[in-house]
Every structure is written in structure tokens, then in C-alpha cells.
Amino acid sequence: MRARLIGLCLVLLALPAAADPEALAAAHWSGCASCHGEAGEGLRPKEAPGIAAQDAAYIERQMRAFRAGLRGRHPDDGPGSRMTLMAAAISDDAVLAALARRIAAMPAAVAPATLPVEDMARARELYTSCAACHGVAGQGSAAAPRIAGIGDWYLLAQLRKYRDGVRGYLPQDQEGRSMAALVAGMSDADLRAIAAYANAPTPP
Ligand code: HEC
Ligand code: HEC
């Protein structure tokens, strides 16, 4: 009985701390990790990309996009629709910011290659135009997210979504639309080559 009372007191003492955005973000992370992996390395069976070391501002913007239906609402976007449910659960801006900082601070992981680079010279040439925003090593910049290491299968899926009007097609989604315009009309072979290369760029 006494031990139980002490236990209850400890739980009550812990409550104010749990209202702290950092603590709430830490609690949310265990849910995220069930799909994105404990280290944010991505889990292909869940179709969830690597998010560790991703830019915090990009993470926040994507979470808001999922929440607002700018991403993940297209009928052909099954993986995106699962993420919209997760994003809807985090409505507090301070908690979202703390969670994004936490993920951004995780060391970058490199998802193993699942697509072959058949023609390295062609892939490298195609990637030149991407490097202006995503960086020669795919590390990202103020203008574009990190794409290196987050999973070639995920990169290919996103490139197809942009090309096919499943992501980045709404008027309010300016960043998505600009990315979609860049891959409009590209062949599937070229998208495969770029996705394979961009997961692990090897600048000459
Ligand atoms: C049920 C599995 C699941 C859970 C739980 C989950 N995610 Fe996701 N997440 C996904 C999938 C699948 C995608 C890929 C969506 C797509 O293909 O567009 C994704 C995409 C994302 C993206 C976009 C990545 C990018 O590079 O654009 C972010 C950011 C993200 N998730 C953050 C989170 C956070 C933060 C949490 C916890 C609050 C979380 N996810 C929980 C499955 C999940
Ligand atoms: C003008 C700058 C710019 C250029 C050039 C560019 N991108 Fe992007 N890219 C972006 C922005 C901004 C986003 C985020 C779009 C959004 O919010 O949907 C993005 C998103 C992406 C994503 C989704 C990332 C994720 O985590 O979900 C992929 C994949 C991608 N770009 C690949 C490419 C490839 C491949 C090329 C070259 C053919 C390229 N990009 C050229 C700016 C650029």
C-alpha cells in the first residue's frame, strides 16, 4: 500500500515535466520509431523513409503538409495517407518543433541500395541538375531536403508521385509543384537511374 502511494506520488510529480514540449516530443518519437526505425534509419516494410538528420524546417513543413492535406490525400498515395494520420496527432507547434529538432539531430543513416545503378555516367549526368538544390552529395541545402541515404526505393516512389501528379499538384503546395515541374515527362528508366544514384551520390 505504502509503495503504491509512493508510486502514485512519483507519477503525479512527473506530470508537469510531461507537459514540457521536449518530453512530449520524446514520448511521440516512440510512435514514429515503430515505422521509421529506432534510429530514424527508415523501414522499407513500412514504406517509411529514413528521416534521421533531415532538415528540421523541412520536417516541420512536411508534417504540416500532411496535416493540411497538401500531401498524402491523393487516392493513389497509400503510404502518404498513413502518414497523414500520424501528423494529425501532433497539433501543438512547440511539440512539433521539438520533435523536428530531435530527428534532425540524429546521425544520418545510409539505407542499403535496392536498385542497381546500371549506367553510372548517365545517372551522374542526370543528377547534375538536382545537385544545384539537393547538393552534390545529396546532403540538402536551404532550398531542398536531404535525399542521400533515405532509401532509393523511397526516392523512386516520390519521383514517380511528383511526375504522375500524386504529390506536388495542389496550387497551395508551391515547393511540391516546383519539384514536380522538374521531373515532368521524365522516363521511368531515368527516374530509376536518378533514384539509385541519389541515395549514395559519388561525385566525380
Ligand atoms: C504507420 C507508420 C508510420 C508512423 C507511425 C509514422 N510515419 Fe512518418 N511516414 C510513414 C510513411 C509510409 C511515409 C512515406 C509517405 C510517402 O510515401 O509520401 C512517412 C513519411 C514521413 C515524413 C516525410 C519524409 C520525407 O522525406 O519527406 C516525415 C517527416 C515523417 N514521416 C515523420 C514522422 C514522424 C515525426 C512520426 C511520429 C510522429 C511519424 N512519421 C510516424 C509512415 C509512418
Ligand atoms: C530548384 C531546387 C530543386 C531542384 C533543382 C531539385 N529539387 Fe528536388 N526538391 C526540392 C524541394 C523544394 C523539395 C521539397 C518539395 C516538397 O515539399 O514536396 C524537393 C523534394 C525532392 C524529393 C522528395 C524528398 C523527400 O524526402 O520526400 C526528391 C526525391 C527530390 N526532390 C529529388 C530531386 C531530383 C532527383 C532532382 C533532379 C532531377 C531534384 N530533386 C531537383 C527542390 C529541388
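Both ligands and their constituent atoms are indexed starting at 1 by order of listing.
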Under a 4.0 angstrom heavy-atom cut-off, which atoms of ligand 1 come close to [X]?
X	value
I90	38 (C)
I103	35 (C)
P49	13 (C), 14 (C), 19 (C), 20 (C), 24 (C)
L99	35 (C), 38 (C)

Please determine whether any non-hydrogen atom of S129 lies less than 4.0 Å from an atom of ligand 2.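 A heavy atom of S129 does come that close to ligand 2.
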
Please confirm whether A143 approaches ligand 2 to less than 4.0 Å, judged on its heavy atoms. yes

With heavy atoms only and a cut-off of under 4.0 Å, state how R61 meets ligand 2: side chain, backbone, both or neither.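 Near ligand 2, R61 shows its side chain, while the N, CA, C and O stay back.
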
Does L126 approach ligand 2 within less than 4.0 angstrom via side chain, backbone, both or neither, non-hydrogen atoms only?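 No part of L126 is near ligand 2 at this cut-off.
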
When rounded to the nearest 0.5 angstrom, what distance separates [atom1] in [X] from [atom2] in [Y]?
X	Y	atom1	atom2	answer
R67	L85	CZ	CG	13.5 Å
L155	T114	CG	OG1	9.5 Å
S81	H74	OG	NE2	12.5 Å
Q62	E175	CD	CD	8.5 Å
C32	I59	SG	CD1	10.0 Å

With respect to [atom], which of [options] exhibits the smallest heavy-atom separation?
atom	options	value
atom 3 (C) of ligand 1	S81, A25, C35	C35
atom 43 (C) of ligand 2	G138, G80, A181, C133	C133
atom 11 (C) of ligand 1	E47, R167, H28	E47
atom 37 (C) of ligand 1	C32, A87, S30	C32
atom 13 (C) of ligand 2	A180, P145, A193, A144	P145

With a 4.0 Å cut-off, would you call [X] and [Y] a salt bridge?
X	Y	value
D190	R122	yes
R71	D77	no
E118	R192	no
D119	R124	no

What protein heavy atom is closest to [atom], reported as residue, atom name and distance in Å?
atom	value
atom 20 (C) of ligand 2	Y162 OH, 3.4 Å
atom 23 (C) of ligand 1	R71 NH1, 3.5 Å
atom 31 (N) of ligand 2	H134 NE2, 2.8 Å
atom 34 (C) of ligand 2	C130 SG, 3.4 Å
atom 25 (C) of ligand 2	Y58 OH, 3.2 Å
atom 28 (C) of ligand 1	I51 CG2, 4.1 Å
atom 22 (C) of ligand 1	F66 CE1, 3.9 Å
atom 35 (C) of ligand 2	I194 CG2, 3.2 Å
atom 6 (C) of ligand 1	M86 CG, 3.5 Å
atom 33 (C) of ligand 2	M179 CE, 3.2 Å
atom 29 (C) of ligand 1	I59 CG2, 3.9 Å

How close do [X] and [Y] get, counting heavy atoms only, and between which atoms?
X	Y	answer
R73	Y169	C-OH, 4.4 Å
E47	P79	OE2-CG, 3.6 Å
A39	A52	O-CB, 3.4 Å
G138	P201	N-CG, 3.9 Å
N199	A111	ND2-O, 2.9 Å
A180	G168	CB-O, 3.6 Å

Decide yes or no on salt bridge (charged side-chain N to carboxylate O under 4.0 Å, His left out) for K161 and D76, but give the supporting numbers first. CA-CA 9 Å; K161 284 189 212 185; D76 293 339; over 6 Å; no

Kindly indicate, with the supporting measurements, whether the criterion side-chain contact (heavy atoms from CB on, under 4.5 Å) is fulfilled by R64 and L96. CA-CA 9 Å; R64 291 205 172 88; L96 178 55; 4.2 Å; yes

Counting both backbone and side chain atoms, is some N or O of [X] under 3.5 Å from an N or O of ligand 2?
X	value
Y154	yes
S178	no
D173	no
R146	no
E175	no
Q62	yes

For ligand 2, which atoms have a heavy atom of L155 less than 4.0 angstrom away? 29 (C)

Per-atom contacts, ligand 2 versus I150 - under 4.0 Å to a heavy atom: 26 (O)

Is there an N/O/S atom in M83 at a distance below 2.8 Å from atom 8 (Fe) of ligand 1?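 For M83, the answer is yes, given that an N, O or S atom comes within less than 2.8 Å of atom 8 (Fe) of ligand 1.
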
Return a yes/no value for K161: is any of its N or O atoms, backbone included, closer than 3.5 angstrom to an N or O of ligand 1?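 Min N/O separation from ligand 1 is below 3.5 Å for K161.
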
Report yes or no: does G31 have a heavy atom closer than 4.0 Å to ligand 1? yes

Are any side-chain N or O atoms of Q172 and backbone N or O atoms of L70, one a donor and one an acceptor, separated by less than 3.5 Å? no

Shared hydrophobic cluster for L182 and I147 (ILVMFWY, side-chain gaps under 4.5 Å):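 Shared cluster, yes.
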
With heavy atoms and a 4.0 Å threshold, my read on which part of L85 contacts ligand 1 is neither

Heavy-atom pairs closer than 4.0 Å: do any link ligand 1 to the side chain of K46, the backbone, both, or neither?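 Under 4.0 Å from ligand 1, K46 contributes backbone atoms alone.
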
A side-chain contact here means heavy atoms from C-beta on lying under 4.5 Å apart; do R146 and D55 qualify?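 A side-chain contact is absent here, since even the closest heavy-atom pair is not under 4.5 Å.
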
Less than 4.5 Å apart, side chain to side chain, heavy atoms only: is that true for H36 and M83? yes

With respect to atom 8 (Fe) of ligand 1, what is the nearest N, O or S atom of H36? NE2

